[in-house]
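Worth knowing before you read on, the calculation uses all heavy atoms, side chains too, and leaves out hydrogens, waters and symmetry mates. Indexing begins at 1, ligand by ligand and atom by atom, following the structure's order.
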Amino acid sequence: MSHGHKIVLTADKTLMSSYNGSMFIGFAACFPRVLPKWLYTRVFCPPQNKWSDNVDFAPAGLRKIEAALVESGIPQNEIFVAHPDKLSKAIDHTTRVVGVTTSDPLGLGPASSTFSSLLRKEPYTAYFFRSLMKNPVLRASGAKVIVGGPGAWQLASEHTRRSLGIDCLVEGEGEQVAPPLFKDALAGNAIPTRVEGTTVPVDKIPMSLNPTINGNVEISRGCGRGCDFCSPNMRTVRHIPLERVLEEVRMNLKVGDRITLHAEDVLRYKAKGMVPDRTAVAELFEKVCGMCDNVCMSHLALSSALACPKLIEDISHFTGADGGKFYVYGQTGIETGSPALVSRHMKGKAKPFEPEKWSEVVEESFKLLADNHWVPAATLVMGLPGERAQDVDMTIELIRNIRPYKSLIVPLFFVPLGQMKENEFFRAEAMMPEHWVLLAECIEHDFHWVPILMEELFSQNRLSAAKASALKLASWYMQRRVKDNIAIMKEGKDPRDYAPPLAMDPSAFERPRAEA
Ligand code: SF4
């Protein structure tokens with residue numbers, strides 16, 4: 001029994017999972033509630049261990065907060081990191097603070113709001129966050145509830161925070177602001193209802209003390225390309241020194257068997273500008289791959305790949321992908337095929353190339369990555385302010401052109417963030433006929449490549465037979481639900497006009513209002 005912890009850190013079920021070993025599957029955790037719950041849980045966010053109350057692996061952001069609290073003098077044994085299903089074993093009358101990290105608490109993030117708007121169903125992320133916050137053990141404990149994480153912006157409304165029982169919301173980077181907050185809450189002092197995080201200098205970013213989901217190790221923080229629709233937190237780039245990265249890798253490998261190098265653009269680790277530092281990134285991969293056979297990355301920029309093709313070869317060599325047995329996976333952003341929209345909203349995206357060349361950069365980069373056995377999962381943004389039918393047509397053409405390259409394409413609706421936060425959410429109801437055609441193209445692209453990717457994962461023994469069957473079943477179920485609609489979409493029509501809509505709570509799309 002693990003009672004007696006003054007601080008409990010947790011997250012909703014969609015974040016406290018190793019996603020069957022694939023961050024791509026984790027991305028799909030923001031699906032709306034169209035799959036049966038048992039199938040969704042088994043495929044997208046199975047719990048990690050059944051026997052222990054403490055979790056073996058936690059989201060990287062939660063581990064950083066845990067480390068910051070310990071570094072500030074709070075004893076490690078007063079902090080307990082719990083799976084949301086095990087809160088009754090973690091929280092009791094001695095618990096003073098519960099810290100929750102969240103990525104998508106109301107389902108308003110780009111992926112979940114897109115899928116749920118299209119399918120008129122609440123996203124699982126919102127459902128499980130609400131379940132966590134309404135947990136009777138948490139509610140009865142009297143502990144102060146502090147919520148932070150990348151989805152904190154969705155909780156800006158005081159009404160929402162009150163209704164979910166949140167005492168304090170931390171927006172932005174939390175490592176410097178969390179320790180005094182938690183200490184005040186431990187001492188029974190009043191805490192503010194909202195706190196703005198600070199940009200943490202690289203030497204103040206604490207090292208994680210315990211393993212993260214899928215061995216996620218942060219190598220850089222921030223991006224610096226400055227897209228209008230991106231979070232302001234991304235402005236300042238900081239690179240974690242190699243020795244510290246390797247120490248976190250070693251710590252993770254004591255329990256886990258895979259490493260995910262995390263940055264907004266892994267290829268720009270230690271780069272001084274927009275061209276990768278080939279020596280620094282190659283050294284990073286050589287060292288990490290020397291310690292672990294299963295190394296992947298979170299994100300890469302297509303322009304960085306094309307700016308340094310030799311680095312792509314290097315990484316394929318170090319990861320073993322050049323033998324053709326494995327693939328290097330990573331998420332990336334295409335966003336649009338329109339040079340006008342790139343120039344208007346994301347000038348830095350193509351650097352060191354010109355924004356007008358963006359479509360060529362995407363195509364050539366996809367070819368380069370495919371030649372080197374990489375599989376990018378790329379996002380698009382539909383409904384960017386000022387997007388015209390001809391802009392969407394250019395994106396359609398681009399998606400057709402990259403069809404031969406093994407990849408996934410995920411079209412997302414515009415979400416007002418960063419400098420564009422005063423704009424409106426884009427919704428399915430605002431889709432032009434061209435958007436429906438684009439959506440159909442993306443679905444066809446993915447239906448072409450997903451079965452091939454699953455077969456390969458299975459044949460590489462990276463997936464057990466049971467998990468492969470569950471994945472195939474989920475894929476078959478989704479294809480069955482969508483396939484008939486593709487022909488309608490290709491005519492530029494909304495397929496939902498031809499089928500009875502599924503129920504949805506429209507308040508899920510109410511934009512949180514900032515407080516005065
Ligand atoms: S490239 Fe990606 S992470 Fe960087 S500013 Fe643009 S949207 Fe944000």
Side-chain angles (χ1 to χ4, degrees), residues 23 27 30 60-61 103-104 108-111 113-114 149-153 171-173 199 216 218-240 260-276 297-308 330-355 357-359 361-362 365-366 369 376-387 395 398 408-421 423 425-426:
M23 281 301 188
F27 187 72
C30 43
S103 288
D104 191 29
L108 297 172
S113 66
T114 306
W153 63 272
E171 290 174 83
E173 297 178 26
T199 301
N216 190 310
E218 185 179 46
I219 61 165
S220 307
R221 190 177 286 193
C223 168
R225 287 190 186 269
C227 302
D228 290 350
F229 47 84
C230 194
S231 157
N233 295 327
M234 291 298 166
R235 276 183 210 135
T236 318
V237 192
R238 289 140 288 166
H239 303 291
I240 314 294
T260 306
L261 297 174
H262 175 80
E264 300 314 318
D265 181 4
V266 165
L267 301 177
R268 266 192 304 133
Y269 177 60
K270 287 197 178 173
K272 299 269 185 292
M274 290 299 168
V275 177
M297 68 179 73
S298 61
H299 302 86
L300 69 138
L302 296 169
S303 38
S304 300
L306 196 63
C308 194
Q331 288 181 33
T332 193
I334 294 175
E335 324 306 11
T336 178
S338 157
L341 286 177
V342 175
S343 301
R344 182 167 163 183
H345 294 304
M346 47 193 124
K347 259 202 181 83
K349 190 102 187 154
K351 280 182 182 172
F353 306 97
E354 293 304 313
K357 299 276 179 209
W358 177 239
S359 290
V361 170
V362 172
S365 196
F366 262 65
L369 296 175
T379 51
L380 299 176
V381 185
M382 295 199 279
L384 272 165
E387 188 180 45
T395 309
L398 177 60
L408 298 175
I409 312 283
V410 186
L412 303 175
F413 288 171
F414 167 73
V415 165
L417 282 171
Q419 292 171 47
M420 302 175 92
K421 65 179 178 200
N423 288 273
F425 280 83
F426 188 70

Distance from atom 2 (Fe) of ligand 1 to nearest protein heavy atom, with residue and atom
K349 NZ, 4.0 Å
Considering only non-hydrogen protein atoms, determine which one is nearest to atom 5 (S) of ligand 1 and report residue, atom name and distance to 0.1 Å.
C227 N, 3.4 Å
G337 to S359 - nearest heavy-atom pair and separation:
O-OG, 3.0 Å
Taking every heavy atom of E387 against every heavy atom of V381, the minimum-distance pair comes out as OE2-O, 4.0 Å
Atom indices of ligand 1 within 4.0 angstrom of [X] heavy atoms, with elements:
| X | result |
| --- | --- |
| C230 | 3 (S), 5 (S), 7 (S), 8 (Fe) |
| C223 | 1 (S), 3 (S), 4 (Fe), 5 (S) |
| G226 | 5 (S) |

Is there side-chain contact between F425 and F413, with at least one heavy-atom pair below 4.5 Å?
no
How far apart are the C-alpha atoms of L300 and L369, what are their side-chain angles, what is the distance that settles it, and do they pass the side-chain contact (heavy atoms from CB on, under 4.5 Å) test?
CA-CA 11 Å; L300 69 138; L369 296 175; 4.1 Å; yes
S304 and R225 side chains, donor-acceptor separation under 3.5 Å
yes
